[in-house]
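Since the model is a prediction, treat every value here as computed from it, not as a measurement. Note: hydrogens, waters and symmetry copies are ignored here, and every other heavy atom, side chains too, is used.
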Amino acid sequence: MSQQIKISDHQSKSILEILKAGTALSHQEAEKKNLAKKIIDHTISLEEYKKLLFINWKAYRSIEQYLYQNKHILPNELTSLVSYDKSNRLQKDLNALGVLLDHSQENSISCPENSSVDSLIGFLYVIEGSMLGGMLIAKHISQCPSLEHIRNPYFFSGKSKDQMKNWKEFCMYLNNQKYTESNIQKALDAANKAFTFFS
């Protein structure tokens with residue numbers, strides 16, 4: 001659940017700092033349940049890795065579809081961030097491991113019905129920020145005994161150039177805008193919801 005915030009309590013903080021603080025509990029909860037931690041400690045099995053990829057595929061696909069369907073309300077500066085790139089790369093990884101996806105599951109996660117720029121920003125905050133963690137995870141794939149044979153993963157590729165570029169563009173946009181308490185709360189609600197998709 002997203003905590004209610006008061007802008008007066010955060011006047012010295014940037015929107016990114018408020019989003020980070022306001023989603024900290026959801027982020028921690030998602031990380032606790034997420035199998036990615038087993039890549040970091042090199043204990044993940046191949047079946048657990050497939051499960052991780054599948055959970056991530058469902059989450060990213062649902063969020064990307066939501067963003068794509070509402071792309072027309074986003075400011076021009078953010079439309080380049082909307083694509084199916086993340087879920088497509090996850091699908092390639094799953095296919096390479098012999099996992100055939102049932103596309104009827106694409107819409108198994110429910111996104112908000114009432115879309116706003118603020119809710120889209122909340123979802124973008126989570127999926128673009130998550131790619132920074134993915135860069136760290138990528139460094140550990142080859143060190144996991146059960147994943148040694150996976151030489152060139154598509155999703156956890158470790159290719160940081162585009163990921164950092166997207167994140168910097170997103171942050172620059174946010175830091176150049178003015179937000180009301182209502183704007184921030186809607187973004188926080190969406191971001192906290194997005195974190196639940198990954199567990």
Side-chain angles (χ1 to χ4, degrees), residues 16 20 23-24 26-69 71 78-109 111 123-172 191 193-199:
L16 288 163
K20 183 176 181 180
T23 59
S26 297
H27 193 174
Q28 288 167 14
E29 196 60 32
E31 284 188 338
K32 273 186 209 172
K33 297 176 182 178
N34 197 289
L35 289 165
K37 63 181 179 288
K38 299 190 82 171
I39 294 178
I40 301 295
D41 67 16
H42 309 155
T43 62
I44 196 164
S45 69
L46 181 58
E47 288 309 307
E48 287 171 327
Y49 180 64
K50 290 178 183 178
K51 183 178 179 182
L52 170 64
L53 294 177
F54 179 69
I55 290 169
N56 280 353
W57 173 76
K58 278 205 307 182
Y60 283 109
R61 194 71 172 185
S62 296
I63 293 172
E64 286 171 345
Q65 284 183 336
Y66 170 68
L67 291 169
Y68 201 85
Q69 288 163 3
K71 185 177 180 178
L78 296 180
T79 57
S80 65
L81 300 179
V82 179
S83 74
Y84 288 101
D85 175 65
K86 297 171 183 63
S87 61
N88 284 343
R89 285 191 280 139
L90 284 158
Q91 184 171 342
K92 284 182 180 179
D93 281 327
L94 286 162
N95 289 345
L97 293 170
V99 179
L100 298 178
L101 295 172
D102 178 358
H103 286 273
S104 66
Q105 295 172 308
E106 286 183 7
N107 297 310
S108 61
I109 298 175
C111 287
F123 277 92
L124 279 169
Y125 169 78
V126 172
I127 65 169
E128 293 303 329
S130 72
M131 299 310 292
L132 305 181
M135 287 159 46
L136 171 65
I137 292 167
K139 296 177 181 178
H140 291 268
I141 295 278
S142 64
Q143 298 174 53
C144 297
S146 62
L147 307 181
E148 285 178 337
H149 64 288
I150 300 173
R151 295 296 177 199
N152 297 299
Y154 293 99
F155 185 73
F156 294 119
S157 65
K159 295 177 181 176
S160 59
K161 187 177 177 183
D162 289 340
Q163 292 161 2
M164 288 303 300
K165 177 177 174 287
N166 286 349
W167 178 246
K168 285 178 181 177
E169 286 178 3
F170 179 67
C171 293
M172 187 182 301
K193 183 174 181 64
F195 275 117
T196 67
F197 292 8
F198 291 91
S199 56

I'd like to know whether Tyr154 forms a side chain to side chain contact (heavy atoms under 4.5 Å, CB included) with Asn88, so could you lay out the CA-CA distance, the side-chain angles of the two residues, the decisive distance to 0.1 Å, and finally the verdict.
CA-CA 9 Å; Tyr154 293 99; Asn88 284 343; over 6 Å; no
Show, in sequence, the C-alpha distance, side-chain angles and deciding distance for Val99 and Asp93, and conclude whether the side chain to side chain contact (heavy atoms under 4.5 Å, CB included) test is met.
CA-CA 9 Å; Val99 179; Asp93 281 327; over 6 Å; no
Verdict with reasoning, Leu147 to Ser142, per side chain to side chain contact (heavy atoms under 4.5 Å, CB included):
CA-CA 6 Å; Leu147 307 181; Ser142 64; over 6 Å; no
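Going from atom NE2 of His42 over to atom CD1 of Ile141 covers 9.5 Å, rounded to the nearest 0.5 Å. Annotation: the span from Tyr125 atom OH to Phe170 atom CZ amounts to 8.5 Å, rounded to 0.5 Å. A distance of 9.0 Å separates CE in Met135 from CE in Met131, rounded to the nearest 0.5 Å. In this structure, the separation between OG on Ser80 and CD on Glu169 is 5.0 Å, given to the nearest 0.5 Å. Separation of atoms OG1 (Thr43) and NZ (Lys38) is listed at 4.5 Å; rounding is to 0.5 Å. For the atom pair CD (Gln163) and CG (Asp85), the distance works out to 8.5 Å, reported to the nearest 0.5 Å.
Although no hydrogens or angles enter the test, the distance criterion places no donor-acceptor pair under 3.5 Å between the side chain of Glu148 and the main chain of Cys144. In this structure, Ser157 contributes its side chain and Pro153 its backbone to no donor-acceptor pair below 3.5 Å.
Residue Leu124 forms a side chain to side chain contact (heavy atoms under 4.5 Å, CB included) with just one option from Asn166, Ile63, Leu81, and that option is Leu81. Put simply, the residue from Gln65, Lys92, Arg61 that forms a side-chain hydrogen bond (donor to acceptor under 3.5 Å, both in side chains) with Ser87 is Arg61.
Nearest approach of Ser45 to Glu48, heavy atoms of both residues: N-OE1, 2.9 Å. Of all non-hydrogen atoms in Gln91 and Leu101, the two that sit nearest each other are CG-CD1, 3.5 Å. Minimum interatomic distance between Val126 and Ala191 (heavy atoms only, all atoms of both residues): CG2-O, 3.4 Å.
Considering only heavy atoms from C-beta on, Phe156 comes within 4.5 Å of Leu53 through its side chain. Between Phe197 and Ile55, the closest side-chain pair of non-hydrogen atoms is not below 4.5 Å. Proximity of Asn56 to Asn34: side-chain heavy atoms (C-beta onward) are separated by under 4.5 Å at one or more points. Side-chain contact between Leu94 and Leu100 is absent, with no heavy atoms from C-beta onward closer than 4.5 Å. Between Tyr49 and Leu97 the shortest side-chain heavy-atom distance falls below 4.5 Å. By the 4.5 Å heavy-atom criterion applied to side chains, Leu46 and His149 are counted as neighbours. Using a 4.5 Å cut-off on side-chain heavy atoms (C-beta onward), Leu136 and His140 make contact.
A ring-centre distance under 6.0 Å is found for Tyr60 and Phe155.
A salt bridge does not link Glu31 to Lys37: none of the charged nitrogens lies less than 4.0 Å from a carboxylate oxygen. Look at Lys51 and Glu47 and you find no salt bridge, because none of the NZ, NE, NH1 or NH2 atoms lies under 4.0 Å from a carboxylate O. Here Glu128 pairs with Lys86 in a salt bridge; the nearest charged N to carboxylate O distance falls below 4.0 Å.
Within 6.0 Å of OH in Tyr68 there are 12 or fewer heavy atoms belonging to other residues, nucleotides or ligands. In this structure, Lys50 places its NZ atom where more than 12 heavy-atom neighbours from other residues, nucleotides or ligands lie under 6.0 Å away. By the 6.0 Å contact criterion, CG on Asn152 is open, its count of non-hydrogen atoms from other residues, nucleotides or ligands being 12 or less.
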